[in-house]
Amino acid sequence: MMSSVFAEGLAAALGAGVVTGLGGFLIFVKKKYSQREINCMLNLAAGVMLAASFFALLVPSMAEIVKFSSSSRVSALWYGVAVFVGVSLIWVLNEFLPHEHNNMGHHGMYLSLKKAWLFIIAITLHKLPEGLAVGVAFSAEDFINPFSLVIGIALHNIPEGLTIAISLVAARVPRLKAALTALLIGMVQPAGALLGLLTMHLSDKIVPLGMAMAGGTLLFVVVNEILPETYGSKHTNRSAFEVFGGFIVMTYLAMALH
């Protein structure tokens, strides 16, 4: 049974990672993507990730962690600490690994290759905790459906793959090489899933705690990395509508796949 879960979790993370490459190949669909189009995709992805983190990780883990103790206060402390640890881990990565946020108008604008790679490193930082979340979710498939989370992460990977390709093309990298780089970056997710799958079976308590931690990392990615990129524009009402749209779509999928 464990080998089946292991294989399914790795395959799901691999599939979600490949979608990053598919997003990268969207660089061939249009000659130029405007900042508004990129922001729209990122906003939808942010809404999808918010719903996925809550309904596939944070809420189910809360239901399990509350069983840790007869005292609801003790259980709440376990839960709060786990989420905090998840947020702190990705925050530390962001602080100590060199990366850069980017807000270019379209890939007709030129960037230095160094700046493009600093931006790509920022996206790559997201892939490890996202893959970890997939591995944790499959370890907890006895009480959640991990596929709703995988779908959410895969949808989120499309605009990320495109932005990787756009940043490289803006640095005068050939389109095919830029798209293949996006695919390669996506392969970080199976590595994260492997870590989650290997560690979650050490104790019965680790799985729900790991879910809460993974949920915290995904929240950090959305709040600290994705939304600041899009809410710097003047169209905040439109951005909010797009985020809510992604949230509603993912909520529907989570309920339909329950």
Side-chain angles (χ1 to χ4, degrees), residues 1-17 48-93 125-157 188-223 250-251 253-258:
M1 178 64 179
M2 181 177 174
S3 61
S4 174
V5 170
F6 196 89
E8 289 179 0
L10 273 183
L14 180 63
V48 164
M49 288 287 282
L50 280 175
S53 62
F54 274 105
F55 301 125
L57 291 170
L58 292 172
V59 173
S61 66
M62 186 184 297
E64 293 300 311
I65 291 175
V66 77
K67 302 174 185 177
F68 282 10
S69 172
S70 58
S71 170
S72 59
R73 293 181 180 179
V74 173
S75 297
L77 183 61
W78 274 102
Y79 180 80
V81 169
V83 174
F84 178 77
V85 169
V87 171
S88 299
L89 286 175
I90 190 66
W91 178 80
V92 168
L93 286 176
L125 290 177
H126 306 166
K127 297 302 176 188
L128 188 62
E130 289 168 6
L132 178 65
V134 173
V136 170
F138 273 88
S139 299
E141 66 175 0
D142 289 343
F143 50 90
I144 67 168
N145 183 345
F147 289 102
S148 61
L149 177 67
V150 174
I151 291 172
I153 290 176
L155 292 174
H156 160 76
N157 284 346
V188 175
Q189 283 187 332
L194 181 63
L195 178 62
L197 288 164
L198 288 174
T199 57
M200 287 302 105
H201 294 281
L202 299 177
S203 167
D204 291 340
K205 289 186 177 182
I206 287 182
V207 173
L209 290 173
M211 290 169 64
M213 289 174 58
T217 64
L218 295 188
L219 282 181
F220 185 93
V221 168
V222 173
V223 174
M250 190 61 226
T251 302
L253 288 174
M255 292 180 68
L257 294 172
H258 183 67

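In what follows, every heavy atom counts, from backbone to side chain, and hydrogens, waters and symmetry copies are set aside.
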field: Closest contact, heavy atoms only, Ala133 versus Leu149
entry: O-CD2, 3.4 Å

query: Which side-chain hydrogen bond (donor to acceptor under 3.5 Å, both in side chains) pairs, counting each pair once, include a residue from residues 72-90, with sequence neighbours left out?
result: none

- request: Could you go through the side-chain contact (heavy atoms from CB on, under 4.5 Å) check for Val222 and Leu218 one step at a time?
  value: CA-CA 6 Å; Val222 173; Leu218 295 188; 5.7 Å; no

query: Can you find a heavy atom in the side chain of Glu130 that is under 4.5 Å from one in the side chain of Val188?
result: no

- prompt: For the atom pair CH2 (Trp91) and OG1 (Thr217), what is the distance rounded to the nearest 0.5 Å?
  reply: 16.0 Å

task: Would you check if Pro190 and Leu14 make a side-chain contact, meaning some heavy-atom pair closer than 4.5 Å?
output: yes

message: Are the side chains of Val150 and Phe138 in contact, using a 4.5 Å heavy-atom criterion?
response: yes

message: I need the minimum non-hydrogen distance between Leu209 and Ala82, along with the two atoms involved.
response: O-CB, 3.8 Å

Residues 52-69, side-chain donor-acceptor partners within the protein, below 3.5 Å, at least two apart:
residue : atom : partner : partner atom : Å
Ser53   : OG   : Met49   : O            : 3.1
Ser53   : OG   : Leu50   : O            : 2.8
Ser61   : OG   : Leu57   : O            : 2.9
Ser61   : OG   : Leu58   : O            : 2.9
Glu64   : OE2  : Lys67   : NZ           : 3.4
Ser69   : OG   : Ser71   : N            : 3.0

task: Specify the closest pair of heavy atoms between Leu253 and Ile151, including all atoms of both residues, with the distance to one decimal.
output: CD1-CG2, 3.8 Å

message: Can you confirm whether Val134 sits close enough to Gln189 that some side-chain heavy atom of one is under 4.5 Å from a side-chain heavy atom of the other?
response: no

- prompt: Going through the checks in order, is the side-chain contact (heavy atoms from CB on, under 4.5 Å) test met by Met250 and Ser148?
  reply: CA-CA 8 Å; Met250 190 61 226; Ser148 61; 4.0 Å; yes

- request: Work out which heavy atom in Gly9 is nearest to a heavy atom in Ala193; give both atom names and the distance.
  value: O-CB, 4.3 Å

